[in-house]
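Accompanying notes for the structure given below.
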Amino acid sequence: MSLLSLHLFLPIIGIIVLSIVKKDQLLYITHLLISLASFLLAIIIFAEKNYYLEHSLNVLEIIPKISLSFSLDGLGLIFLLVSNFLWLVTTVYSDRYLKLNSIGNKSKFYIFFTLAMFSTNAIIYSSNLFTTFIFYEFLTLSTYPLVAFKMDRQSIDNGKRYLYYLLGTSIIFLLPAIILTFNLTGSLDYKPGGIFLDNQNYLMINVLVLLFLFGVAKSAIMPFHKWLPAAMVAPTPVSALLHAVAVVKSGVFIIMKIILFIFGTQLLQKTGADLILIFFSSLTILFASIVALRQDNIKLRLAYSTVSQLAYIVLSVSILAPLSILAAVLHLVFHALGKIMLFLSAGVLTTCMKIKNVSDMDGVSSKIPFTIFFISLGALIMVGIPPTVGFFSKWYLLLGIVQSEKIYLFIILIVSTLLNASYYFPMIYRSYFCKNNSVYKDDQAEDSLLILPIIIVGVITVMLFFGVDSIIIFTQGYIIK
Amino acid sequence: MSQLPILIIVLPLLMVPICLFIKEKNYVYLLTLTISSVNLILVCFLFYEVHLGKTIFYELGGWQAPIGIRLQADLLSCYFLLLINFMSFICILSGKEIITKEIHPQNVYLFYIAWLLCNVGFSGIILTNDIFNLFVFLEISSLSSYFLISQGMHKGSNIAALQYLFIGSIGAVFILLGIAVIYAHLGTLNMTDMSEKFLQIEIPKSLIFSIGLLITGIAIKSAIFPLHTWLVRTYAYSPSVIVAYFAGTSTKVGIYILVRVFLDILNAINPLEQYSLIEFILFISLVGALLSTTYAIKQTDVKKMLAFSSVAQLSYIIIALMVLTNDSLVASLIHIFNHSIIKTGLFLVIAIIFVTNQQVKTTDLSGLGKKYPYMMSAFVILSFGLIGVPLTSGFISKWYLVTSILESDFWYLSIIVLITSFMTLFYVWKLIEKIYFSQAENIKAEPVLTHQGIGVFVLTALTLYLGLDTTLTVGISEDISYMIMQGINK
Amino acid sequence: MIFVLDIVLLLIGLFIIIRETNLIKKVIGLNIFQASVFIFYLIISKVENGIPPILIGADAIYSNPLPHVLILTAIVVGIATTSLALALIVSIKKKHKTIEEDELDEI
C-alpha cells in the first residue's frame with residue numbers, strides 16, 4: 001500500500017518543494033522530476049497491479065460510515081497511466097511554451113499545475129463517491145488560477161464562468177445526488193454491479209441519473225458545457241493537459257464509475273435510465289459538432305470537438321453493452337492522446353506562427369511540416385479513420401450498438417462522423433493545399449523542443465495501433481468481467 | 001466541581017469593580033485576558049465533567065430548585081458556553097492593538113469592562129435554569145453591547161447603538177411579557193419545572209400567544225429574518241473587533257435560547273404545529289435565506305456583505321431547527337459552531353487589516369493577496385468554509401443540513417439551501433477576485449503582529465480541522481439532540 | 001377590563017417608538033411600553049380577595065409577591081436602559097447637532 005500513498009502524496013511534496021524553489025531553471029527541473037517520478041510510480045503500480053487492485057487505503061472517517069479512502073481498479077489504472085504519461089510529456093512542452101511566450105510567474109503555474117494533477121490522481125484513486133466529490137471540487141479550485149492565469153479582464157471573466165459552472169453544478173446537482181444515494185443505500189463505495197438494491201423506485205433512479213449527469217459538469221454534457229470553451233483562455237499547456245485530458249476525462253471517468261459501480265448496468269437497463277444518458281449524450285455529440293463547425297478560433301474548435309468526443313465516451317458507456325464499454329475505455333485513452341496532440345500543435349501554431357484562427361492556416365505546412373502532420377494525425381484519430389487508433393473505438397462502438405440492438409444510434413454515429421470530418425478536414429486542406437498570401441518572417445519556424453513532445457505522443461499512437469490488442473485484453477480482463 | 005457554573009459567571013463579574021478602580025488600560029487588558037483565559041479553562045473543565053454524562057446543578061443561596069434560582073450545566077449549555085468563551089478569548093487576544101487604535105483612549109478600560117459584562121451576560125443566559133434570570137442576563141449582555149457598539153469610530157456608531165437599543169428593548173419587553181403569561185399559567189419560573197408542567201396541562205390559547213411573543217422577542221435579539229435590519233447596521237458601524245466577537249456569539253446565544261425554550265421546555269412544538277406556525281416560520285426563513293443572499297451579492301461594503309451572509313446562514317439554522325428531526329437538530333447545532341468560527345475569523349481578518357478604516361469597501365481589498373499573503377490565504381480558506389468547499393468545516397455542516405432536510409417531510413427546502421449556498425459563491429468570489437486579481441492601491445501594508453496572527457491562525461486551523469475530524473461537533477451535537485429528543489418523546 | 005387598558009397602554013408605547021422621529025420622545029415611548037408590562041405583572045399577581053403579602057396570621061389569603069419582586073428587577077433594567085439611551089442621545093446631539101431621526105438618517 002505504501003507505493004499507492006507515495007504516488008498519491010508525491011505531488012504534495014512536490015508542491016512544497018516548488019513553493020520553496022525560486023529559480024526558473026530549478027522550478028522546471030523539479031516539476032520535471034515530479035512528473036517523471038509520478039509516471040514511473042504509475043508504471044510500477046501497473047506492474048504490480050494484482051496486489052494494488054486488492055488493497056485499499058483508509059485515511060480517516062470524516063462522517064460516520066463515510067470515509068476518505070483510496071483504492072485502485074482496472075479503469076483507474078488505465079486512466080492513471082494515460083494522465084501521468086501525458087503530464088510528463090506536457091511538462092517538457094510547457095516550460096518551453098512559457099519561455100517562448102514570455103509568460104512570467106512560473107512558480108504559480110507549476111504549483112497549481114501539480115496541484116491539479118494531484119487532484120486528478122486522487123480522483124482516480126478514490127474508492128467512494130465522497131472522496132471523489134472532495135477531489136472533484138479540489139480539481140476545480142486548483143485549475144481556476146490556471147484558467148485566469150493571464151489576469152486580464154477576459155481571463156478573469158472566463159475564469160469566473162469556469163468556476164461558477166463547475167462549482168455550481170456540483171453543489172446544486174452532484175452533492176444532493178450523493179446525499180440521496182447515501183440515504184437510499186447507506187453506502188457510497190464503488191462496487192462492481194452497483195450498490196443499489198433491486199427494489200428501487202424507478203422515478204428516483206431516473207432523477208438520480210439526471211442529477212449525476214448534470215452534476216459532473218466536468219464531462220461537459222450539454223447544457224452545462226459552456227465552461228470548457230471559456231477555459232480556453234488559459235495558456236495552451238493548460239488547455240492541452242487539463243482541459244483535454246485531466247479535468248474533462250476525470251469528469252467522464254466519474255460518470256463511468258457511477259454508471260458501472262454505483263448504479264450497475266442492470267439497474268439502469270431495468271429502469272430505463274440509460275435512455276436519459278443516451279439522449280443527452282447524443283444531443284451533445286450533434287450540437288457540439290455543429291457549433292465546432294462555426295468556430296474559427298483553433299482552440300475553440302478543438303474545445304467544442306472535445307465536448308462532442310466526451311459525449312461519445314458517455315454514449316458508449318450508456319449503451320451498457322460489454323463491447324460498447326470497451327469502446328468507451330479505448331476512446332478515453334485514444335481521445336486523450338489525439339486531443340493533446342492537437343492542442344500542443346495548436347500551441348506551436350500560436351507560438352511560432354502567431355496563428356490563432358483556422359482561416360489563417362493557409363499553406364502553413366511548408367513552414368511547419370511536422371506540426372501540420374501531427375495535426376492531421378490527430379484529426380484522423382478524432383474522425384476515426386482506419387490507419388489510426390481512433391478507428392478502433394468507433395469500430396467497437398459500432399459492435400456495441402449491434403450487441404445492444406439500439407440500431408437507431410447508427411444515425412448519430414454516421415452524422416457525427418461526417419460532422420467531425422467536416423470541421424477537421426478544412427484545417428488539413430487549408431494548410432496543405434491553399435495558397436499562402438502573407439509572407440512569413442525567417443524566425444517563424446518550428447521550435448524543436450516544442451515539437452518533441454508531440455512527436456513522442458504521435459509515435460505512441462502509432463505503436464498503439466499495432467498494440468491495441470493488449471489494451472483490449474486488459475479491459476476485458478479487469479474492467480468488464 | 002459543582003461550583004464551576006457560578007464561578008464562570010462570578011469571576012468576571014468580580015473583576016469589573018477591580019478594573020474600574022485600576023483604569024490603566026494595559027493592566028485592564030491583561031486582567032481581561034487573564035480572566036477570559038481562566039474562564040475558558042473553567043469551561044473546558046465543566047465541559048469535561050458534563051461530557052461524562054451528568055448534569056451539574058448549582059443552587060444559588062442554597063434555595064432548592066423550583067423556588068430558588070438554579071444554575072444548570074448540561075451538554076447543550078456547555079457546548080454553547082465553550083463557543084462563547086472561546087470566541088471571547090480569541091477576540092480579546094487578537095484585538096488589543098485594534099482596540100487601542102479604534103477606541104477613544106479615555107474609554108478603553110470601560111470598553112474592556114463592558115466586554116467582560118457582555119460575556120457574563122452570555123454565560124449567564126446559557127447557564128441559568130430560571131427564565132426570569134435569563135431575561136436579566138439577556139439585558140446585562142444587551143446593555144453592555146449597546147455601549148460596545150456606540151464606541152465605534154464611525155460617525156454613525158452611536159446612532160446604530162441607539163437604534164439597536166430601541167429594537168433590542170422592544171424585543172426584551174416582548175420576552176418579559178411572554179414570561180409573564182407563562183408564569184401566570186404555570187406558576188413557576190424554573191425551566192425544568194415548567195417543562196414538567198407543560199406536559200400536565202392542556203395548553204390554552206393565551207399560552208400560544210405568549211409563545212408567539214417569546215419567539216418575536218428572541219427573533220429580534222438573534223436577528224432572524226425579517227427582524228435582522230439592526231444586525232446589518234450594527235455590523236457596519238461597530239468597532240471591528242466587536243463585530244468579530246458578536247458575529248460568533250450574540251446571534252448564537254439567541255439561537256441557544258430558542259433551542260432551550262422551544263425544544264427543552266416546551267418539550268415539543270405541538271402548540272406550534274396546531275396553528276401551522278412551523279410552516280410559517282419555515283417559509284419566512286426560506287425567503288430570508290434567498291433575500292439576504294441576494295442582498296449580500298449586491299453589497300459593496302464588505303462588513304454589510306458578511307452581515308447579510310450571517311442572516312442567510314441563520315436562516316439555514318432556523319430551517320434545520322424547525323424541520324425538527326433528530327438529524328436536523330444535529331445539523332443546526334453543527335452549523336452554529338462551524339459558522340461562528342468561520343464568521344469570526346473572517347471579521348477578524350478584516351479587523352486586523354483595516355484597523356483605521358471603518359467602512360471597508362470591496363475595492364479596498366484590491367491586491368491585498370500580495371501584501372498580506374498569510375492573512376489573505378486564511379481569509380480564502382475561511383471563505384471556502386463559508387461556501388462549503390470539502391475539507392472545511394462548512395462542508396460538514398452543509399452535508400448534515402442537506403441530508404437532514406432531505407430526509408424530513410420538508411425535503412424540497414434543501415433545494416433552496418443548495419441554491420443559496422451556490423449563490424454564496426458569487427459574493428465570496430467578488431472578494432477573492434479583488435484580493436488576487438486587482439492591482440494594489442497604495443495603501444501602506446502594516447505588519448501583522450504575532451498574537452493577532454495566532455487568533456486568525458487558530459480559527460482557520462479549526463475550520464480545516466473540523467472539516468476532517470468531526471467528533472467534537474458531530475459527536476456532541478448528536479448527544480445533545482438525543483438528550484433533547486428524549487425529552488420531547490417523553 | 002384592566003387587561004384591555006394595559007394592552008392599550010402597551011400599544012401606545014409601541015406606536016410612539018415606531019412613529020416618533022424625536023429620539024427623546026422615542027425613549028418616553030419605550031418607558032411607557034415597559035411600564036405597561038410592569039403593570040401587567042402586577043395584574044397577574046393579584047389574587048382574588050388577597051391581602052398585601054405581609055405576614056399577619058396563618059390562614060390569610062395573600063396576593064402573590066413574586067411578580068412584584070420580579071418587576072423590581074425589571075424596573076432596574078428599564079432604568080439602566082433609559083439612562084444609557086439618554087447618554088447616547090447626548091453624545092449624538094454633541095456629534096451631529098440634532099436628535100431628529102430623519103435628519104440623522106441622512107448621515
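Every chain is numbered from 1, with letters handed out A, B, ... down the list of sequences.
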Is it the case that more than 12 heavy atoms not belonging to [X] sit under 6.0 Å from its [atom1] atom?
{"X": "A:K108", "atom1": "NZ", "result": "yes"}
{"X": "B:W429", "atom1": "CH2", "result": "yes"}
{"X": "B:Y295", "atom1": "OH", "result": "no"}
{"X": "B:Y374", "atom1": "OH", "result": "no"}
{"X": "B:F47", "atom1": "CZ", "result": "yes"}

Chain B heavy atoms under 4.5 Å from [X]: which part of the residue, side chain, backbone, both or neither?
{"X": "A:F130", "result": "side chain"}
{"X": "A:I66", "result": "side chain"}
{"X": "A:L60", "result": "side chain"}
{"X": "A:I156", "result": "both"}
{"X": "A:F138", "result": "side chain"}

Kindly say whether A:I62 contributes a backbone atom to a donor-acceptor pair with the side chain of B:T470 at under 3.5 angstrom?
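Pair found, side chain donor or acceptor close to backbone of A:I62.
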Hey, what do you get for [atom1] ([X]) to [atom2] ([Y]), rounding to the nearest 0.5 Å?
{"X": "A:M151", "Y": "B:Y436", "atom1": "CE", "atom2": "OH", "value": "11.0 Å"}
{"X": "A:F182", "Y": "B:L406", "atom1": "CZ", "atom2": "CG", "value": "12.5 Å"}
{"X": "B:D469", "Y": "A:E61", "atom1": "CG", "atom2": "CD", "value": "10.5 Å"}
{"X": "A:L175", "Y": "B:S421", "atom1": "CG", "atom2": "OG", "value": "7.5 Å"}
{"X": "A:D157", "Y": "B:E433", "atom1": "CG", "atom2": "CD", "value": "7.5 Å"}
{"X": "A:L141", "Y": "B:F384", "atom1": "CG", "atom2": "CZ", "value": "4.5 Å"}

Candidate pair A:F133 and B:W399, rule side chain to side chain contact (heavy atoms under 4.5 Å, CB included), full reasoning:
CA-CA 12 Å; A:F133 180 75; B:W399 177 278; 5.9 Å; no
Interchain contact, [X] with chain A, by part (heavy-atom threshold 4.5 Å):
{"X": "B:T403", "value": "both"}
{"X": "B:F426", "value": "both"}
{"X": "B:I396", "value": "side chain"}

Should B:V474 and A:I63 be marked as a side chain to side chain contact (heavy atoms under 4.5 Å, CB included) after you check the CA-CA gap, both sets of side-chain angles, and the distance that decides it?
CA-CA 8 Å; B:V474 175; A:I63 293 170; over 6 Å; no
Closest non-hydrogen atom pair, B:L418 against A:P176:
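Closest approach of B:L418 to A:P176: CD1-CG, 3.4 Å.
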Determine whether the aromatic ring centres of residues A:F173 and B:F422 are separated by less than 6.0 angstrom.
no
I need the residue from A:L68, A:L163, A:L180, A:L167 with the largest number of non-hydrogen atom pairs under 4.5 Å to chain B.
A:L163
Tell me, out of B:V402, B:L468, B:I419, B:V417, who's got the most heavy-atom pairs with chain A below 4.5 Å.
B:L468
